[in-house]
Amino acid sequence: MHEYTSTARVWGLSCPGFPEEVSRARRWTRDILRGSPLAEDAELIVSELSANAILHTASGRTSGSFHLALAVSPQVVALSVTDDGSAGTAPKIEHQDQDAEHGRGLAMVNAIAHRIVVRNTDGGRTVTAELFATPRPGGHLC
């Protein structure tokens, strides 16, 4: 293979910050990953990260939006959700009891993903969750 080529494919989707867009993000992910053994986990991760963007950042305000990127290679599926910012605090894993209605999403993503990376961007924050095709030690929030 040439040093400047890659077998990774990348897709992007921008969504207005409406709650019903979370189901659109799930369908989009499911369609791209159809037939992949990682599809169900990826769909759940996209759902949680998209919902968090709408609930906890400016993405859920009037004229807010969130943006998804999905990179697929034979080794890894990387799912990124970028929000519109102004949450005040960085995403964090909270250990809630089983009856709690909120606060368990990122902990669930951390349990499923092999790695999570949170990065500040110019206008917000990007949370990327990686699923490896081969088992590796996982569940790390970076």
Side-chain angles (χ1 to χ4, degrees), residues 1-96 98 100-142:
M1 178 183 329
H2 189 273
E3 67 180 304
Y4 297 113
T5 60
S6 170
T7 58
R9 298 202 54 197
V10 180
W11 290 264
L13 177 68
S14 292
C15 298
F18 303 128
E20 57 271 19
E21 292 297 312
V22 174
S23 64
R24 179 177 166 214
R26 276 195 312 266
R27 280 191 314 274
W28 178 78
T29 302
R30 184 175 51 242
D31 288 346
I32 291 170
L33 294 175
R34 183 165 281 129
S36 168
L38 301 174
E40 285 184 22
D41 287 345
E43 188 179 343
L44 178 62
I45 288 169
V46 162
S47 181
E48 289 297 329
L49 296 181
S50 297
N52 283 350
I54 292 169
L55 290 171
H56 302 295
T57 75
S59 293
R61 295 184 188 154
T62 303
S63 42
S65 61
F66 62 98
H67 311 279
L68 294 98
L70 177 57
V72 180
S73 76
Q75 298 82 22
V76 67
V77 170
L79 309 137
S80 298
V81 175
T82 301
D83 63 45
D84 283 347
S86 74
T89 60
K92 66 180 184 249
I93 297 170
E94 296 180 9
H95 299 286
Q96 301 286 345
Q98 282 184 260
E101 290 186 29
H102 299 288
R104 296 185 315 223
L106 196 53
M108 186 172 19
V109 170
N110 192 53
I112 296 168
H114 292 100
R115 186 168 78 135
I116 298 174
V117 179
V118 179
R119 289 197 173 90
N120 290 325
T121 62
D122 289 338
R125 194 170 279 117
T126 299
V127 179
T128 301
E130 297 176 347
L131 297 167
F132 298 116
T134 57
R136 298 183 189 187
H140 301 289
L141 181 62
C142 301

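This structure is a prediction, so every number in the text was calculated from the model and none was measured.
A heavy-atom distance below 4.5 Å is found between the side chains of E48 and M108. Counting heavy atoms from C-beta outward, S50 and L68 have side chains that approach closer than 4.5 Å. No side-chain heavy atom of V76 sits under 4.5 Å from any side-chain heavy atom of L131. Looking at E21 and S14, their side chains never come closer than 4.5 Å, going by heavy atoms from C-beta outward. Within the 4.5 Å cutoff, the side chain of T82 has heavy atoms near those of the T121 side chain.
Summarising the geometry, atom CD1 belonging to I116 is positioned 10.0 Å from atom OG1 belonging to T128; distances are rounded to the nearest 0.5 Å. Rounded to the nearest 0.5 Å, atoms CG (L38) and NE2 (H114) are 8.0 Å apart. Going from atom OG of S23 over to atom CH2 of W28 covers 14.0 Å, rounded to the nearest 0.5 Å. The distance from the CG atom of N52 to the CZ atom of F66 is 11.0 Å, given to the nearest 0.5 Å.
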- Could you walk me through whether T126 and V81 pass side chain to side chain contact (heavy atoms under 4.5 Å, CB included), step by step? CA-CA 6 Å; T126 299; V81 175; over 6 Å; no

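Under the side-chain contact (heavy atoms from CB on, under 4.5 Å) criterion, L33 pairs with T29, S36, A39, A42, L70, V72, V77, sequence neighbours left out. Among residues two or more places apart in sequence or in another chain, the side-chain contact (heavy atoms from CB on, under 4.5 Å) test is passed with D84 by A58, S59, S65, H67.
In summary, the side chains of S47 and R26 do present a donor paired with an acceptor at a separation below 3.5 Å, with no hydrogens or angles considered.
With hydrogens and angles ignored, the 3.5 Å screen pairs no side-chain donor or acceptor of D83 with any backbone N or O of T57.
The two residues I54 and G17 make their nearest non-hydrogen contact at CG2-O, 3.7 Å.
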